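Please read the structure below before turning to the comments.
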Amino acid sequence: MLEPLDRLETLRKLRELQKRLAELTYRLTGEEVAAWTPAVDLLEEEDGYLLLVDVPGVRPEDLELLEEGSVLTLAGVRHPLPGTYLQEERPYGVFRRTLHLPGPVEEGSAKATLRNGVLEIRLKKAPAKALPL
């Protein structure tokens, strides 16, 4: 006879398995496994790029931004809230996104603002290099 499926208990077991796999990966590689991936919109503007990143519940001090040429890496962590979850659909833990921009940006030009759970990052395009004659 089949036992009734307790969805909440199944989700808890899956989360525990994910946690154990992440701990094992960290012990073996020294790198944390991304627990979730925030959604990102990338818009090109006349003089730069605008990224909109959905990070509800992430504190500004838990975000890291690294720009290298035309590559932007965003990392952070969303901490679980205290209490017992009766339903849990929003992931928490570490995340990392590496984005390849269409062109180079000015070094140190990134300006970030976190408002209503949306991280807004503005980057200035690097000036076009003159071609040698």
Side-chain angles (χ1 to χ4, degrees):
M1 178 179 241
L2 292 175
E3 294 181 28
L5 181 64
D6 181 350
R7 291 174 195 255
L8 190 57
E9 184 59 28
T10 302
L11 286 173
R12 282 190 188 119
K13 287 179 181 177
L14 282 173
R15 291 243 190 247
E16 182 60 32
L17 181 59
Q18 285 176 323
K19 183 179 174 185
R20 287 181 182 177
L21 286 171
E23 288 170 359
L24 179 62
T25 301
Y26 182 75
R27 277 191 260 152
L28 293 173
T29 66
E31 292 192 18
E32 292 190 60
V33 175
W36 62 287
T37 304
V40 174
D41 287 342
L42 171 61
L43 293 92
E44 183 171 15
E45 298 178 325
E46 188 174 320
D47 61 346
Y49 302 104
L50 170 63
L51 282 94
L52 302 171
V53 187
D54 288 344
V55 289
V58 177
R59 301 179 305 225
E61 62 269 20
D62 291 330
L63 289 167
E64 240 179 75
L65 181 66
L66 175 65
E67 57 178 279
E68 295 177 293
S70 62
V71 178
L72 185 73
T73 301
L74 176 65
V77 63
R78 179 167 44 211
H79 299 282
L81 298 173
T84 302
Y85 283 85
L86 300 177
Q87 181 168 337
E88 184 180 348
E89 295 180 5
R90 298 177 343 136
Y92 58 85
V94 297
F95 69 87
R96 178 178 299 274
R97 286 292 306 257
T98 299
L99 302 157
H100 296 270
L101 302 172
V105 295
E106 279 186 25
E107 189 175 322
S109 70
K111 302 280 186 241
T113 315
L114 181 60
R115 223 177 324 200
N116 297 325
V118 177
L119 179 63
E120 185 177 293
I121 305 168
R122 291 188 178 278
L123 301 126
K124 289 185 180 179
K125 291 180 183 176
K129 294 182 181 179
L131 297 174
L133 298 173

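Just so we're clear, the structure is a prediction, and the values are computed from it rather than from any experiment. Because only heavy atoms are used, hydrogens play no part in the values below, and waters and symmetry mates are left out as well, while side chains stay in.
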Does the Trp36 side chain pair with the main chain of Gly93, one donor and one acceptor, at a distance under 3.5 Å? yes

Heavy atoms, side chains only, cut-off 4.5 Å: are Val58 and Tyr92 in contact? no

Spatial distance of atom CD (Glu68) from atom CG (Leu101) [nearest 0.5 Å]: 12.0 Å

Of the options Val53, Leu51, Leu52, which is the one that meets Glu120 in a side-chain contact (heavy atoms from CB on, under 4.5 Å)? Leu52

Applying a strict under-4.5 Å side-chain criterion to I, L, V, M, F, W and Y, I'd like to know whether Val118 and Leu99 cluster together. no

Any side chain to side chain donor-acceptor pair (under 3.5 Å) pairs touching residues 103-113, not counting sequence neighbours? none

For the pair Glu67 (side chain) and Val105 (backbone), establish whether a donor and an acceptor sit closer than 3.5 Å, ignoring hydrogens and angles. no

Is there a side-chain contact between Arg96 and Thr73, using heavy atoms and a 4.5 Å cut-off? yes

Any donor-acceptor N/O pair, Arg97 side chain to Pro38 backbone, under 3.5 Å: yes

Evaluate the side-chain proximity of Phe95 to Leu74: yes if any heavy-atom separation is below 4.5 Å, no if none is. yes

Identify the heavy atoms of Leu114 and Arg59 that sit nearest to each other, and give their distance. CD2-C, 4.3 Å

Determine whether Leu50 and Arg122 satisfy the following criterion, side chain to side chain contact (heavy atoms under 4.5 Å, CB included), listing intermediate values before the conclusion. CA-CA 5 Å; Leu50 170 63; Arg122 291 188 178 278; 3.8 Å; yes

Side-chain donor or acceptor of Tyr49 paired with backbone N/O of Ile121 under 3.5 Å: no

Rounded to the nearest 0.5 Å, the NZ atom of Lys125 sits from the CD atom of Glu45 at a distance of 9.0 Å

Give a yes or no on whether the backbone of Val55 and the side-chain of Arg78 come within a donor-acceptor separation of less than 3.5 Å. no

With a cut-off of 6.0 Å (strictly less than), are more than 12 heavy atoms of other residues, nucleotides or ligands near CD of Glu88? yes

